[in-house]
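First comes the structure, then the notes that go with it.
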Amino acid sequence: MRILVTGGSGQVGFELQRSLTLYGEVVAPNRMELDLSDEQTVINYLQQLKPDMIVNAAAWTAVDLAESSSDDAYQLNHRLPKILAEYSARHGSWLIHYSSDYVYPGDGEQPWSESDTTGPLSVYGASKLAGDESVIESGADALIFRTSWVYGARGNNFMKTMLRLGSERTALNVVADQWGAPTPARLIADVTALAIDRIVQKRPIDAGIYHLAPQGETNWCEFAKLIFSEATKREQPLTILPNAVHAITTADYPVPAVRPQNSRLSLSKLEAALNVKMPAWQAQLILTLEEYLSMKGTV
Ligand SMILES: NC(=O)c1ccc[n+]([C@@H]2O[C@H](COP(=O)([O-])OP(=O)(O)OC[C@H]3O[C@@H](n4cnc5c(N)ncnc54)[C@H](OP(=O)(O)O)[C@@H]3O)[C@@H](O)[C@H]2O)c1
């Protein structure tokens, strides 16, 4: 089986290359080899490669920049998955695509279900929703994994930003009124591999949308505090003082794109479909942090 992984240099794409290698030949072109913003180039590439499965981890993920670069965000987040889904529908092959908590309106305190009404608050969220809708409309066999707060040992993410700021500053203000679950890229890749295993074994889970995140919930401020306390236990030389991580509100930290305050995602559909129990976000942080620190050569 030939699997095309797009966005292989990204957080999720990198982990996918590691997790999917047992299932066949994984082809992961970089931006120089395949510019995903050029529709005809993508169509030609698909015609030549003829992948048996596509895993689309590429996206425009610059959430704030999307507000002023709407066309670019839609090109990657809407039109690209549409092309990939149309190829998959024509060839009777599976597409695995990733989406976001940002498609939901972010109000209330209950975890979102996959069947809940969407209502994105930002251009990024709207572009991701348009991508999901085009995948579904294509009629392709497709899994859409909606995830939240992605981070990992590689790439740019909140954990690494906090570790950097925590070694430069003595105090930090962090937003404490947005709730969700930080999701390691590696967990996303592992769940994807499990889903692909089911497809290969000819007992696939139903096509459609699934939430993919660890169990539990937190806010950015509590997440930051756990990053600092676990890093300190591992003898990281942080300058941040204990009790100097201060909770602020979303209104105190204005950014161009509106963030959802409630990014909680119900996991019951995924857990039932794959017969798994998702792990707690805290344990996932420790594993990801240790991987990152060992990569830095400090543990
Ligand atoms: N990050 C989050 O917090 C988050 C939260 C919820 C959902 N998601 C979703 O999860 C999925 C994976 O996200 P991620 O965090 O792994 O993304 P990421 O680290 O930002 O990676 C994005 C990938 O897309 C590639 N890409 C973008 N434009 C391209 C172009 N024109 N041509 C070729 N490649 C291009 C990037 O290549 P370069 O390295 O060359 O730029 C990179 O490999 C996405 O669907 C995202 O929307 C992410």
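Each ligand, and each atom within it, is numbered from 1 in the order the structure gives.
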Atom indices of ligand 1 within 4.0 angstrom of [X] heavy atoms, with elements:
| X | answer |
| --- | --- |
| Lys128 | 44 (C), 45 (O), 46 (C), 47 (O) |
| Leu34 | 32 (N), 33 (C) |
| Thr147 | 6 (C), 7 (C) |
| Val12 | 12 (C), 16 (O) |
| Tyr98 | 10 (O), 11 (C), 45 (O) |
| Ala59 | 22 (C), 24 (O), 27 (C), 44 (C), 45 (O), 46 (C), 47 (O) |

Between Asp64 and Arg259, does at least one N-O distance fall below 4.0 Å, as a salt bridge requires?
yes
Salt-bridge contact Glu86-Arg90 (side-chain N to carboxylate O under 4.0 Å):
no
Who's the nearest protein heavy-atom neighbour of [atom], and how far?
| atom | value |
| --- | --- |
| atom 31 (N) of ligand 1 | Asp35 OD1, 3.2 Å |
| atom 34 (N) of ligand 1 | Leu36 CD1, 3.4 Å |
| atom 36 (C) of ligand 1 | Ser9 OG, 4.0 Å |
| atom 23 (C) of ligand 1 | Gly7 CA, 3.8 Å |
| atom 3 (O) of ligand 1 | Val150 N, 3.0 Å |
| atom 7 (C) of ligand 1 | Ser99 O, 3.3 Å |

When you compare the side chains of [X] and [Y], does any donor N or O come within less than 3.5 Å of an acceptor on the partner?
| X | Y | result |
| --- | --- | --- |
| Asp101 | Ser263 | yes |
| Gln48 | Asn44 | no |
| Glu39 | Gln75 | yes |
| Ser99 | Asp132 | yes |
| Tyr87 | Ser138 | no |

Quick check on Ala57 - does any of its heavy atoms sit under 4.0 Å from an atom of ligand 1?
yes
Could you check whether any heavy atom of Pro29 sits closer than 4.0 Å to an atom of ligand 1, since that is the contact criterion I want to use?
no
Does [X] reach ligand 1 with a nitrogen or oxygen that is under 3.5 Å from one of the ligand's nitrogen or oxygen atoms?
| X | result |
| --- | --- |
| Gly13 | no |
| Leu76 | no |
| Gln11 | yes |
| Asn56 | no |
| Ser148 | no |
| Ala58 | no |
| Arg31 | yes |

Give a yes or no on whether Glu235 atom CD has more than 12 heavy-atom contacts from other residues, nucleotides or ligands under 6.0 Å away.
no
Other residues, nucleotides, ligands: >12 heavy atoms within 6.0 Å of Lys269 NZ
yes
So which bit of Tyr102 gets within less than 4.0 Å of ligand 1, heavy atoms only: side chain, backbone, both or neither?
neither
Heavy-atom contacts under 4.0 Å between Ala185 and ligand 1: side chain, backbone, both, or neither?
neither
Test: side-chain hydrogen bond (donor to acceptor under 3.5 Å, both in side chains). Region: residues 21-30. Which pairs qualify, not counting sequence neighbours?
Arg2-Glu25, Tyr23-Asp197
Among pairs that include at least one residue of residues 108-127, which meet side-chain hydrogen bond (donor to acceptor under 3.5 Å, both in side chains), considering only residues two or more places apart or in two chains?
Asn77-Ser127
For atom 47 (O) of ligand 1, which of the options Tyr151, Phe145, Tyr124 provides the nearest non-hydrogen atom?
Tyr124
Test of understanding: clusters of I, L, V, M, F, W, Y form through side-chain heavy atoms closer than 4.5 Å, transitively. Do Leu16 and Met1 belong to the same one?
yes
Can a donor-acceptor pair be found, under 3.5 Å and without considering hydrogens, that links the side chain of Asn173 to the backbone of Ile248?
no
Among Lys160, Arg18, Lys296, which residue meets the salt bridge (charged side-chain N to carboxylate O under 4.0 Å, His left out) test with Glu291?
Arg18
